[in-house]
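Below is one structure; the comments refer to it alone.
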Amino acid sequence: MIDLKTLREDPERVRESQRRRGEDASVVDRLLAADERRRAAESEYGALRNEQKELGKRIGPLQGALKKVADADRPAVQAELDGLMSGATALAERVRSAESGRDAADAEAASLLAGLSNLIDLDAPVGGEDDFAVVEEVGVRRDFAAEGIEVRDHVELGELLGAIDIERGAKVSGSRFYYLTGVGALLELALVNHAIALAGGNGFTPMIPPALVKPAAMEGTGFLGQAAENVYRLEADDMYLVGTAEVPLAAYHSDEILDASSLPRRYVGYSPCYRREAGSHGKDTRGIFRVHWFDKVEMFSYCAPEDAAAEHGRLLGWERQFMDSLELPYRVIDVASGDLGASAARKYDIEAWVPSQERYREVTSTSNCTEFQARRLRIRMRDGDGVRPVATLNGTLVAITRTIVALLENHQQADGSVRVPAALRPYLGGRETLDPLR
RNA sequence: GGAGGCGUCGCCUAGUCCGGUCGAUGGCGCCCGCCUGCUAAGCGGGUUGGGGUCUCAAAGCCCCUCGCGGGUUCAAAUCCCGCCGCCUCCGCCA
């Protein structure tokens, strides 16, 4: 959620953010009005409550006095007490009604606030999904025709290598499921180990978080808004399967106040990711590019808001370092305002070249969520200036399935074998190629 | 799944039986000051978080906050109900 003070002081900034996202800007004015009502209701309740407490303070001692006073004086004290009591009874009714009025006003403002997306970074390119800005293209795309190689896609290669079993995935779990088998399974473990080692070297604490979370964690990270239809929910237990380790890693410090000197805190989580892929019927139906479940290694940072933009740059740098180590050609894009998702103020995707499709496809993504998630999850920092929300950021180190797609296709050789990039060899028993089973 | 115990402002803790004097006690830690060749000790003060109001800002004032939610009452840390979490024992189990 955004800061109500920002909203009051500069509502136009918030409206502009909403417009650039292609979202409703009128919530700003409705929220402003609701906030006004909320504050008035709070004041009214506070005043009445104060009155009630003052009155209560006189009743207690009087009741004590009643017991000790001489019989002759008792009627007078009793009468005074009765008078106070009847006033208190009437007042209690007004307090109750003011309280429910305040609660209603609070709830209204909170629900409007919860529906408001994060304040966008005004430097993000404006527009929809296709209006991203290319930051940089990196690496060399192979000229397979020149090499005399007829490009095989990852499905074909995966089958040749005995690395991916899509048919049985569908048999057991349905469409968009798969098994990683043999070298495919080993490849996942190698990628994970390589990623965790790289992150560990950069000061990240390795984490294996729960993939099943309570509603508060899902809400707090902003996935129950427009992204809700893509989240798996376990009705019987009111729990959610996470779509990314970002969720449990963000909620890890919820309701905590972190010492400023302990920031930035960096965690790298390895977890399964579950996505319903609602609304993507017919899209990427072949292979394991778009699936309902995959494993991922995700970086997550908590830092001071003023350091967030720089931290975002560092996360992108580590993502690039990982891609470079896999010797994959890719480009970095600055995601446009309309495609950011509710939580992100700014987002960079890395898209790897996919030879069989002859285009760049998203393999990693890093978002600066500024204080948006931290406000919802009540994650704050304490420094000389007092207590204030932290900023949270996330970035993919390796999304297994898509990285395997890129790896197999880009490093394929004429005979259907796949060259293993040097950085991965130590994690694959030193092997330099993955070879067809035949 | 069954039985019992516990949950207090960073940590520990008093208070809960018998509602108002708890707008929560004490210790530790931490912060500021005094004292002192230095350090330690000692002495004095401060130290939950949120909201509202006022203000250029601050101070001040008010409300809420004793795991969470509801109820009883003029009044709830305290009484009642539900839930959550932790611990112990039993049962089952990767």
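Every chain is numbered from 1 and lettered A, B, ... according to where its sequence line falls, protein lines coming before strand lines. A quick note: this is a predicted structure, and the numbers were derived from the prediction, not measured. Every heavy atom of this structure was used, including side-chain atoms; hydrogens, water molecules and symmetry mates were not.
Of the C1' atoms belonging to B:U36 and B:C43, the separation is 12 Å, rounded to the nearest Å. B:C12 and B:C68 are spaced 23 Å apart, taking the C1' atom of each and rounding to whole Å. For the P atoms, the distance linking B:U25 with B:G46 amounts to 12 Å, nearest Å. Across B:A24 and B:A77, the matching P atoms stand 11 Å from one another, rounded to whole Å. Taking atom P on both nucleotides, B:C66 is separated from B:U8 by 12 Å, rounded to a whole Å. B:G20 and B:U78 have their P atoms separated by 11 Å, with the value rounded to a whole Å. As rounded to the nearest Å, B:G23 and B:G67 have P atoms that lie 16 Å from one another. Taking atom C1' in both B:C31 and B:G15, the straight-line distance is 28 Å, to the nearest Å.
A pairwise comparison of heavy atoms in A:Gln373 and A:Ala250 identifies OE1-CB, 4.3 Å as the closest pair.
Closest to the side chain of A:Arg39, from the set B:G52, B:G49, B:A75, is B:G52. Distance from the side chain of A:Ile257 is smallest to B:G49 among B:G49, B:U53, B:C74. Of the listed nucleotides (B:C64, B:G52, B:C74), B:C74 has the atom at the smallest distance from the side chain of A:Ala92. Side chain of A:Val387, nearest nucleotide from B:G49, B:U53, B:C74: B:G49. Out of B:G50, B:A75, B:U53, the shortest distance to the side chain of A:Arg380 is found at B:G50. Listed nucleotides B:G49, B:C64, B:C74 differ in distance to A:Arg49; the shortest reach to its side chain belongs to B:C64. Nearest to the side-chain atoms of A:Arg38 among the listed nucleotides B:C74, B:G52, B:G50 stands B:G52.
The NZ-P distance, from A:Lys5 to B:A57, rounds to 12 Å in whole Å. If you measure from atom CD of A:Glu42 to atom C1' of B:U65, you get 12 Å, rounded to the nearest angstrom. The distance from atom CG of A:Leu4 to atom P of B:U53 is 12 Å, rounded to the nearest whole Å. Atom pair A:Arg378:CZ and B:C68:P shows a separation of 12 Å (rounding to whole Å applied). Rounded to a whole Å, the CG atom of A:Leu48 is 13 Å from the P atom of B:A75. One can place CG of A:Asp106 at 16 Å from P of B:G50, the figure rounded to the nearest angstrom. Whole-Å rounding puts the A:Asp103 CG to B:G71 P distance at 10 Å. One interatomic measurement links the two molecules: NZ of A:Lys214 to P of B:G69, which rounds to 14 Å at whole-angstrom precision.
At least one test fails for A:Arg168 against the ring of A:Tyr179: distance under 6.0 Å to the centre or angle within 45° of the axis. Seen from the ring of A:Phe289, A:Arg402 counts as a face-on cation partner, given the 6.0 Å and 45° thresholds.
In a base pair of the Watson-Crick type (N1 to N3 plus N6-O4 or O6-N4) or a G-U wobble (N1-O2 and O6-N3), with each distance short of 3.5 Å, B:C74 is matched with B:G20. Under the Watson-Crick or G-U wobble criterion, with both distances below 3.5 Å, B:A3 is paired with B:U88. Look at B:G69: its Watson-Crick or wobble partner, with both distances under 3.5 angstrom, is B:C81. Searching all strands for a Watson-Crick or G-U wobble partner of B:G60 with both distances below 3.5 Å returns B:U53.
Between the side chain of A:Gln412 and the backbone N or O of A:Glu409 there is at least one donor-acceptor pair closer than 3.5 Å.
Of the charged side-chain nitrogens involved, none lies within less than 4.0 Å of a carboxylate oxygen, so that A:Arg49 and A:Glu99 do not count as a salt-bridged pair. Taking a cutoff of 4.0 Å between a charged side-chain nitrogen and a carboxylate oxygen, A:Glu108 and A:Arg37 qualify as a salt bridge.
In this structure, A:Arg382 reaches the sugar-phosphate backbone alone: every heavy-atom distance under 4.0 Å involves primed, P, OP1 or OP2 atoms, never a base. Contacts of A:Arg8 with the nucleic acid, taken as non-hydrogen atoms under 4.0 Å apart, involve only primed sugar atoms and P, OP1 or OP2.
The aromatic rings of A:Tyr232 and A:His292 lie perpendicular to each other, with more than 60° between the two planes, well past the 30° mark.
Within the structure, a side-chain polar atom (N or O) of A:Lys53 is placed less than 4.0 Å from OP1 or OP2 of B:C64.
In terms of position on RNA chain B, the residue among A:Ala88 and A:Gly46 whose nearest nucleotide sits closer to the 5' end is A:Gly46.
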